[in-house]
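Input: a single structure, listed below in structure tokens.
One-based numbering, in listed order, for ligands and for the atoms of each.
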Amino acid sequence: MTNGNRIDMNTARVTDMLGVSGVAPATLPPDCPAASGDTFLPRREASMTKPLISIDRITKRYGALTVLDELSLDVMPGEKLALIGPSGSGKTTILRILMTLESIDGGHIEVDGEQLFHMPRGGQMVPANERHLQRMREKIGMVFQHFNLFPHKSVLDNVTLAPMLTKGESRESAEKRALELLDMVGMADKAKSRPAQLSGGQKQRVAIARALALAPRIMLFDEVTSALDPELVEEVLNVMQRLARQTDMTMLLVTHEMGFAHDFADRVLFFDRGRIVEEGKPEDIFSHPEHERTKAFLRKIIAGGRRI
Ligand SMILES: Nc1ncnc2c1ncn2[C@@H]1O[C@H](COP(=O)(O)OP(=O)(O)O)[C@@H](O)[C@H]1O
Ligand SMILES: [Mg+2]
């Protein structure tokens with residue numbers, strides 16, 4: 001689990017090495033008034049020992065290209081994972097599969113004790129229908145690199161749409177919760193604005209609130225700061241850091257922000273060519289990577305001297 005006191009010699013070394021200063025511990029951006037009121041965030045017992053996500057030898061192909069190659073991964077409830085690795089290594093694909101935006105060509109995925117792509121019928125497992133997929137999808141929220149907000153809807157409507165449409169929630173209760181979530185990400189005062197009137201960092205904070213609106217048990221973040229101007233990165237990282245520290249949601253984060261990955265994650269997975277080449281605690285992966293490909297990747301990032 002993450003905690004607020006992890007800045008140690010290892011951290012200092014790694015952040016120096018990576019040329020990043022790390023992320024300020026859980027401070028909120030200046031325009032983020034809500035530092036309290038976390039009661040609406042899901043907190044669940046951390047004592048469960050069964051994986052919340054169990055990925056068993058999944059394969060994904062696009063034509064002749066094998067993007068994921070018999071990949072297996074268990075994620076425990078509440079775990080915070082950082083997925084790192086070169087472009088094209090399959091990181092986005094794995095998140096999109098969990099969101100059921102992509103199918104798989106082999107293997108199995110279990111989420112919260114149920115098969116993702118299959119369902120029981122008449123005593124056997126059959127391919128999932130749309131209703132099953134929809135129900136499974138509600139357990140998972142995803143935030144994308146390019147926000148994907150509905151441009152013609154207000155900030156508030158962006159957040160209330162899914163609960164009203166998929167859960168049949170009343171406008172009143174959906175709006176109440178949406179305003180709490182917007183408050184948490186420091187965007188309540190922009191509830192009536194359109195996405196075009198917001199900065200990239202503000203859009204991304206709205207996208208995070210929207211993904212939280214269905215109270216998912218699992219949150220997926222796919223390079224959510226990569227499209228932002230550098231000065232807007234921190235406000236989004238701060239919101240994610242706060243979510244990581246103050247909720248026990250299970251989180252999978254794809255990032256090139258190595259300083260942030262170090263502070264955020266319980267476990268770091270290094271992906272290359274559709275496989276997990278190396279995984280471990282952040283301090284081990286960043287300070288003592290074992291595999292040549294992990295070392296080469298980290299060297300390249302350091303040589304780039306940037307927060308990609
Ligand atoms: N819809 C698609 N059709 C064909 N190839 C795809 C598609 N989506 C992703 N790919 C390919 O799959 C590989 C993995 O992509 P991706 O998961 O996006 O990698 P990453 O997120 O690690 O950069 C890449 O080679 C990419 O070009
Ligand atoms: Mg990607």
Side-chain angles (χ1 to χ4, degrees), residues 18 53 55-73 75 80-109 111 116-117 133 137 140-149 200 203-204 207-208 211 218-230 233 236-237 240 250-262 264-265 267-280 282 285-286 289 291-304 306-308:
L18 294 170
I53 303 172
I55 297 175
D56 183 21
R57 284 168 296 161
I58 60 163
T59 296
K60 173 69 183 173
R61 294 188 202 93
Y62 290 112
L65 179 70
T66 299
V67 175
L68 298 177
D69 189 8
E70 300 215 340
L71 182 118
S72 295
L73 170 66
V75 187
K80 317 307 185 224
L81 296 191
L83 281 56
I84 63 168
S87 184
S89 56
K91 307 179 301 296
T92 293
T93 302
I94 190 90
L95 298 194
R96 287 178 57 83
I97 288 171
L98 286 171
M99 269 313 265
T100 73
L101 296 169
E102 301 283 349
S103 59
I104 53 178
D105 299 301
H108 295 95
I109 300 179
V111 175
L116 188 58
F117 291 111
L133 293 177
R137 225 178 271 141
I140 308 177
M142 182 160 175
V143 186
F144 301 84
Q145 183 176 350
H146 292 290
F147 326 121
N148 298 10
L149 294 175
K203 278 185 214 170
Q204 203 54 299
I208 293 172
I218 300 164
M219 280 286 280
L220 311 176
F221 298 97
D222 192 8
E223 295 198 39
V224 298
T225 56
S226 296
L228 301 180
D229 293 334
V233 166
V236 175
L237 295 184
M240 289 195 291
T250 305
M251 298 187 181
L252 275 67
L253 167 95
V254 173
T255 188
H256 288 286
E257 299 272 352
M258 296 302 146
F260 184 69
H262 182 280
F264 168 93
R267 185 153 55 114
V268 176
L269 310 173
F270 174 68
F271 272 68
D272 196 26
R273 297 175 220 167
R275 287 171 178 259
I276 298 167
V277 173
E278 182 165 0
E279 64 172 285
I285 295 287
F286 292 125
H291 287 256
E292 201 40 56
R293 278 191 265 167
T294 320
K295 290 179 190 167
F297 174 75
L298 291 174
R299 268 200 304 270
K300 215 166 155 186
I301 289 219
I302 296 160
R306 60 189 183 124
R307 301 158 65 133
I308 302 173

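- From the protein, the heavy atom lying nearest to atom 18 (O) of ligand 1 is Thr92 CB, 3.5 Å.
- The protein heavy-atom contact nearest to atom 22 (O) of ligand 1 is Lys91 NZ, 2.8 Å.
- Around CZ of Arg275, the count of heavy atoms belonging to other residues, nucleotides or ligands within 6.0 Å does not exceed 12.
- At a 4.0 Å cut-off, not a single heavy atom of Val254 sits close enough to ligand 1 to count as contact.
- Close approach to Ser87 involves these atoms of ligand 1, each under 4.0 Å from a residue heavy atom: 23 (O).
- Of the protein's non-hydrogen atoms, Val67 CG2, 3.2 Å is the one closest to atom 12 (O) of ligand 1.
- Note that CD1 of Ile104 is 12.5 Å distant from OG1 of Thr93, once rounded to the nearest 0.5 Å.
- In this structure, OG1 in Thr294 is found 10.5 Å from CZ in Arg299, a value given to the nearest 0.5 Å.
- A donor-acceptor pair is defined here as one N or O able to donate and one able to accept, closer than 3.5 Å; no such pair exists between the side chain of Asp272 and the backbone of Val277.
- Close contacts between ligand 1 and Pro86 involve ligand atoms 22 (O) [criterion: under 4.0 Å to a heavy atom].
- Residue contacts with ligand 1: Gly88 is placed with a nitrogen or oxygen under 3.5 Å of a nitrogen or oxygen of the ligand (distance criterion only).
- Between Phe297 and His256, the two ring planes are tilted [angle within 30° to 60°].
- The Leu65 neighbourhood of ligand 1 comprises atoms 11 (C), 25 (O), with distances under 4.0 Å to a heavy atom of that residue.
- Atom OG1 of Thr59 sits about 8.5 Å away from atom CG of Leu71, to the nearest 0.5 Å.
- Atoms of ligand 1 found under 4.0 Å from any heavy atom of Ser89 (numbered from 1 in listed order, with element): 19 (O), 20 (P), 22 (O).
- Considering backbone and side-chain N/O atoms, Gly90 comes within less than 3.5 Å of an N/O atom of ligand 1.
- Within a 4.0 Å radius of atom 26 (C) of ligand 1, the protein has no heavy atom.
- For the pair Gly274 and ligand 1, no heavy-atom separation below 4.0 Å is found.
- Annotation for ligand 1: atoms under 4.0 Å from non-hydrogen atoms of Thr93 are 14 (C), 15 (O), 16 (P), 17 (O).
- Checked by atom type and distance alone, the side chain of Lys91 pairs as donor or acceptor with a backbone atom of Gly85 at under 3.5 Å.
- Under the rule for a salt bridge (charged side-chain N to carboxylate O under 4.0 Å, His left out), the partners of Lys60 that lie at least two apart in sequence or sit in another chain are Glu102.
- Of all protein N/O/S atoms, those lying under 2.8 Å from the Mg ion (ligand 2) come to 1.
- With hydrogens left out, the protein atom closest to atom 3 (N) of ligand 1 is Tyr62 CD2, 3.5 Å, a heavy atom.
- Atoms CG and CD, on Asp56 and Glu70 in that order, are 9.5 Å from each other to the nearest 0.5 Å.
- Checking Thr250, Ile53, Leu220, Leu269 one by one against Leu81, the side-chain contact (heavy atoms from CB on, under 4.5 Å) holds for a single residue, Leu269.
- Between the OG1 atom in Thr100 and the CE atom in Met142 there is a gap of 11.0 Å [rounded to 0.5 Å].
- A donor-acceptor pair is defined here as one N or O able to donate and one able to accept, closer than 3.5 Å; no such pair exists between the side chain of Gln204 and the backbone of Thr225.
- Met240 contributes atom CE, which lies 6.0 Å from atom CZ of Phe221 (distance to the nearest 0.5 angstrom).
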